[in-house]
Chemist: 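Starting off with a structure, shown below.
In what follows, chains are A, B, ... by sequence order, proteins preceding strands, each numbered from 1.
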2 protein chains.
Amino acid sequence: MRKELTAKGKATRNRIIEGAAEVLREKDVSVATLDDVMARTHTSKSQLFHYFPEGKDELLLAVAHHEADQVLEDQQPYLGCLDSWEAWQRWRDVVVERYEEQGERCPMGSLVLHLGRSTPGARDVVVTLMRQWQASLATGIRALQTAGHLPADLDVEHRAAALLAGLQGGVAILQSTGQADHLRAALDLGIEDLRRAAAA
Amino acid sequence: MRKELTAKGKATRNRIIEGAAEVLREKDVSVATLDDVMARTHTSKSQLFHYFPEGKDELLLAVAHHEADQVLEDQQPYLGCLDSWEAWQRWRDVVVERYEEQGERCPMGSLVLHLGRSTPGARDVVVTLMRQWQASLATGIRALQTAGHLPADLDVEHRAAALLAGLQGGVAILQSTGQADHLRAALDLGIEDLRRAAAA
DNA sequence: TCTCGACTGGACTGGCTGGTCCAGTCTACG
DNA sequence: CGTAGACTGGACCAGCCAGTCCAGTCGAGA
């Protein structure tokens with residue numbers, strides 16, 4: 001990642017990343033080849049290695065970063081303002097819709113799984129993503145607290161963690177079985193239980 | 001899968017499956033090769049293709065079946081008798097322990113992800129596994145109902161689905177980040193909320 | 001206009017790996 | 001025994017694919 005990238009160079013680099021992301025949304029990492037990326041982005045091998053000297057893994061890592069950003073962005077503006085029960089409901093709908101549409105393909109998941117521990121920094125992408133995600137949920141819960149909808153002694157982080165786990169699991173099951181029931185159940189009951197905690 | 005397998009043949013076939021399972025517990029599917037399996041099981045290529053004429057995918061599918069059985073078996077006898085709050089707690093402990101020990105490697109997950117839609121029957125393995133898993137949880141919740149610990153009008157399947165999602169998500173996060181916090185949070189809050197439903 | 005270095009094209013290579021083939025051994029059974 | 005067919009060994013093949021190399025082109029700044 002040198003600085004000496006021309007505007008043109010930067011554009012090409014981005015085109016490669018985005019093209020690769022598209023490819024990975026269609027086929028699994030283990031099946032996707034550099035040739036696929038080349039075809040999609042109208043670039044040659046030398047360009048790929050020009051912008052990603054470390055080779056495939058470096059490109060894949062860049063794509064992972066790109067996709068991680070995308071994941072959170074796709075939930076906006078809802079994820080950013082979870083300050084009422086209605087807002088939570090809307091967020092739930094968006095999440096369900098997004099992942100139902102995405103279907104079984106999960107670039108992030110397979111990407112990081114594939115890079116694994118071999119590539120330093122791969123794990124960090126997920127760790128950061130999860131932290132940010134959970135932080136957003138926690139912020140939402142706190143917003144409910146300050147609005148007086150939830151008791152102040154609620155263990156916010158614990159709740160947020162469980163909710164995120166349910167969401168992730170729902171998505172995982174959706175991806176491996178094709179059924180969204182679990183995702184819906186996890187989110188609905190997660191929110192419902194939050195409400196119940198309010199009553200308690 | 002012909003019938004004409006000698007006792008010796010069966011033994012070899014099983015040795016291959018179990019050896020392959022071991023290999024996949026150490027390295028990802030996309031990295032594991034038939035040579036790895038050969039080395040581990042002291043077999044030759046011709047044997048692999050003798051017992052799995054369809055090649056690698058057929059072997060992998062057999063391993064997936066094997067692993068799916070293993071997953072549920074590892075939770076016994078606890079998963080089978082969730083008839084008291086203490087039993088649920090013990091089950092929780094076993095699950096957490098099992099997956100913490102297993103660490104980031106998840107043969108089932110990557111296996112099915114890798115086989116994907118290309119191999120018919122691959123998805124069925126997960127679907128069946130999830131159904132059985134959820135059924136066991138549902139049975140446990142019903143046991144609590146009949147014991148009078150939970151109200152009779154509780155939506156059992158819905159609860160079981162959400163719990164399973166939380167569990168799966170916790171495992172997924174554990175595997176991709178190395179932290180078991182989410183798994184613990186999901187199970188603890190899942191059970192706690194069940195209890196709260198009892199009070200309601 | 002000249003020049004340097006960023007940028008691009010595409011042929012080539014080397015290793016890996018799934019899969020094939022055939023020759024040889026063992027074993028259940030008549 | 002003997003033999004058919006299950007079982008085993010390992011050499012060999014072919015395709016794929018990441019990565020290399022070099023010969024160019026383009027463009028910004030002196």
Side-chain angles (χ1 to χ4, degrees), chain A residues 1-21 23-24 26-64 110-111 114-116 118-119 122, chain B residues 1-21 23-24 26-64 110-111 114-116 118-119 122:
Chain A
M1 188 88 78
R2 326 53 151 175
K3 282 286 180 183
E4 321 110 21
L5 276 185
T6 306
K8 192 180 177 185
K10 250 181 223 162
T12 304
R13 196 187 131 97
N14 283 335
R15 201 177 76 237
I16 293 175
I17 293 181
E18 270 157 34
V23 170
L24 291 180
E26 287 170 15
K27 39 174 69 180
D28 190 74
V29 188
S30 55
V31 186
T33 74
L34 291 185
D35 287 322
D36 292 328
V37 178
M38 285 163 57
R40 170 78 55 138
T41 59
H42 305 288
T43 47
S44 65
K45 250 212 191 129
S46 59
Q47 295 183 65
L48 259 45
F49 281 86
H50 178 70
Y51 293 106
F52 305 94
E54 307 276 283
K56 199 182 187 187
D57 282 357
E58 189 183 354
L59 168 58
L60 257 30
L61 189 55
V63 174
S110 41
L111 213 40
H114 183 258
L115 292 175
S118 63
T119 312
Chain B
M1 188 89 78
R2 359 340 196 193
K3 281 286 181 181
E4 321 111 22
L5 277 183
T6 307
K8 192 180 176 186
K10 251 181 224 162
T12 304
R13 198 187 130 96
N14 284 335
R15 200 175 78 235
I16 292 175
I17 292 181
E18 271 157 34
V23 169
L24 291 180
E26 287 170 14
K27 39 173 71 180
D28 190 74
V29 189
S30 55
V31 185
T33 75
L34 290 186
D35 287 323
D36 291 329
V37 178
M38 285 163 55
R40 170 78 54 135
T41 59
H42 304 289
T43 47
S44 67
K45 239 187 207 156
S46 60
Q47 295 182 68
L48 258 45
F49 282 84
H50 178 71
Y51 293 106
F52 304 94
E54 307 275 283
K56 198 183 186 186
D57 282 357
E58 190 183 353
L59 169 58
L60 256 30
L61 189 56
V63 174
S110 42
L111 213 40
H114 182 258
L115 292 176
S118 62
T119 313

Chemist: Less than 4.5 Å apart, any side-chain heavy atom of A:Arg40 and any of A:Asp36?
Modeler: no

Chemist: Does any non-hydrogen side-chain atom of B:Ile16 lie less than 4.5 Å from one of B:Phe52?
Modeler: yes

Chemist: Taking CZ from A:Phe52 and P from C:dT8, how many angstroms apart are they, rounded to a whole number?
Modeler: 12 Å

Chemist: Taking only the side-chain heavy atoms of A:Gln47 (C-beta and beyond), determine which of D:dA6, D:dG9, C:dG9 contains the nearest atom.
Modeler: C:dG9

Chemist: My understanding is that only residues two or more places apart in sequence, or in another chain, count here; which of them pass side chain to side chain contact (heavy atoms under 4.5 Å, CB included) with B:Ala21?
Modeler: B:Arg25, B:Val63, B:His66, B:Glu67

Chemist: In this structure, how many angstroms lie between the P atom of C:dC7 and the CG atom of A:Leu48, rounded?
Modeler: 14 Å

Chemist: So, is B:Tyr51 near the phosphate of D:dT8, with a side-chain N or O under 4.0 Å from OP1 or OP2?
Modeler: yes

Chemist: Rounded to the nearest 0.5 Å, how far does CG of B:Asp57 lie from CG of B:Leu115?
Modeler: 5.5 Å

Chemist: Please state how far atom NE2 in B:His50 lies from atom C1' in D:dG10, giving the value in whole angstrom units.
Modeler: 16 Å

Chemist: Once each nucleotide of nucleotides 14-30 of chain C is scored for protein heavy atoms under 4.0 Å, what B/S/- sequence comes out, 5' to 3'?
Modeler: ---SBBBB----SS---

Chemist: In the structure I gave you, are the side-chain heavy atoms of B:Met38 and B:Asp35 within less than 4.5 Å of one another anywhere?
Modeler: yes

Chemist: How close do A:Leu59 and A:Ala20 get, heavy atom to heavy atom, and via which atoms?
Modeler: CD1-CB, 4.3 Å

Chemist: Just how far, in rounded Å, is P of D:dC17 from CG of A:Asp28?
Modeler: 13 Å

